[in-house]
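Since the structure comes first, as structure tokens, the remarks are kept for the end.
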Amino acid sequence: MAPILKPTKSNIKKAAHALLGGSLIGIPTETVYGLAADAENHKAIARLYQVKARPLNHPIIVHIGSAHQLEKWAIEIPDYALKLANKFWPGPLTLVLKKSMIASDYLTGGQDSIAVRIPNHPAAISLLKEFHNLGGNGIAAPSANKFGEVSPTDARSVVQALGANLRNEIIIDGGMSTIGIESTIINCLSKEPEILRHGAVTSLQILNELGIKVNPQVKNTKLRFSGNLKKHYAPIVRIILDGNPQFGDGYLALSSFNTPEGCIRIASPQDSFDFAKFLYFSFRKADQLGLERLFVKLPQGEGIELAIRDRVLKAAIK
Ligand code: TXA
Ligand code: MG
């Protein structure tokens, strides 16, 4: 059984040594929990693909503890990407950049780009710093779930998501992820930035705070990224978006909406940020209750709501 450990100094040290020795570690981040491996250890990454049952050509994000480490992984970094990093790191933003020599094919899915971010979670940052002190350059970490399934947002859900495939890998318990959906991914390979995956850092925010316009469409259609997968983030329960919920259906909506008669209220988020935080929690809860259908009333808006609608619409595809 995979041990769940509190992020004490000694446990973080233990985890950093284990990573350097080639083990996988479950790590908390502010977005979702990740399954981490030394980004330069191809055997560890091979096991990571196996545990996640992930297609081999699907690229992985490298996590670093400080912006100084960016140059290890990326070259020819455009000015706008540096501005984005300065403004939003540590935070829920991943930048796709031209890869350096050490960024191997098993991280990039054979593409010539690498995705990098600094997560904003104290335990993740401590681990990344400790790992760097031991000589490590970066930690590869996809979300800690099987490919196509729901990302975990707490330590116990990592065990539920991957349990059978784990041996005795450590999972660091950093509490519930505060954001609850995966990072925004921005393609920085073109002259202008492009959104590859919506998240808590929004185009609107980037425009308002930095005056940088992010294209909502991707020009390079050969690029492989989760945004162009159809079905993803999917629970077992059927997600219903239209029509009226029926007796016995699960119901997820902002707290301003009353629960329709006979429905089972799964969560009552106060606002859109709360909605994102409890979205995957709600999917898992509906599955644990063995519900057949979960009726989701999508929040409207062009901020984080875009990311919420993206996840729910992909989860709803059968
Ligand atoms: O919030 C997050 O980003 C979480 C936490 C753990 O950091 N990680 C995460 O990883 O969501 P994952 O593997 O579940 O999703 C990362 C996505 C991949 O699906 C892939 O589409 C995209 O990032 N990606 C990674 N490298 C890329 C690259 N070189 N070019 C384009 N997309 C890339
Ligand atoms: Mg994922």
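Atom set for the values below is all heavy atoms of this structure, side chains included, hydrogens, waters and symmetry mates excluded. Note that ligands are numbered from 1 as they come in the structure, with each ligand's atoms numbered from 1 the same way. Everything numeric in this text was worked out from a predicted model, so none of it was measured.
In this structure, a donor-acceptor pair under 3.5 Å is absent between the side chains of E30 and N120. If you check the side chains of T94 and S183, you find a donor sitting under 3.5 Å from an acceptor. In this model, a donor atom of one side chain and an acceptor atom of the other lie less than 3.5 Å apart for T31 and R117.
For the pair E130 and K14, the salt-bridge criterion is not met [side-chain N within less than 4.0 Å of a carboxylate O]. At a threshold of 4.0 Å, the pair D310-K314 counts as salt-bridged, since one of the basic side-chain nitrogens sits closer than that to a carboxylate oxygen. By the 4.0 Å N-to-carboxylate-O rule, K72 lies too far from E40 to be salt-bridged with it. Of the charged side-chain nitrogens involved, at least one lies within less than 4.0 Å of a carboxylate oxygen, so that D173 and K6 count as a salt-bridged pair. With respect to K87 and E209, a salt bridge is recorded, a charged nitrogen being found less than 4.0 Å from a carboxylate O.
For a threshold of 3.5 Å applied to N or O pairs, the pair formed by Y33 and ligand 1 contains no separation below that value. Between S143 and ligand 1, an N or O atom pair is found at a separation short of 3.5 Å. Taking distance alone, with nitrogen or oxygen atoms compared against 3.5 Å, K52 stays at or beyond that limit from ligand 1. When only interatomic distances are considered, the shortest N/O to N/O separation between R54 and ligand 1 falls below 3.5 Å. Any N or O atom pair closer than 3.5 Å counts here, and R197 shares at least one such pair with ligand 1.
Ranked by closest heavy atom to atom 25 (C) of ligand 1, the top entry among P152, P142, P59 is P59. Among T31, I114, I27, the residue whose heavy atom lies nearest to atom 1 (O) of ligand 1 is T31.
Heavy atoms of H63 come nearer than 4.0 angstrom to ligand 1 in at least one pair. At least one heavy atom of V96 sits closer than 4.0 Å to an atom of ligand 1.
Below 30°, between 30° and 60°, or above 60°: for Y280 and F283 the angle between ring planes is between 30° and 60°, a tilted geometry.
Residue contacts with ligand 1, taken as heavy atom pairs separated by less than 4.0 Å, involve H58 solely via side-chain atoms from C-beta onward. With a 4.0 Å heavy-atom cut-off, ligand 1 is reached by the backbone of A141 but not by any atom from C-beta on.
Heavy-atom contacts of A115 reach the following atoms of ligand 1: 25 (C), 26 (N), 27 (C), 29 (N) (cutoff under 4.0 Å). Residue I185 has at least one heavy-atom neighbour below 4.0 Å for each of these atoms of ligand 1: 17 (C), 22 (C), 23 (O). Each of the atoms 28 (C), 29 (N), 30 (N) of ligand 1 lies under 4.0 Å from some heavy atom of S113. Contact atoms of ligand 1 toward S183: 1 (O), 2 (C), 3 (O) (distance under 4.0 Å to a heavy atom of the residue).
Without hydrogens or angle criteria, S157 side chain to T153 main chain gives no donor-acceptor distance under 3.5 Å.
Between the Mg ion (ligand 2) and S143 there is an N/O/S contact shorter than 2.8 Å.
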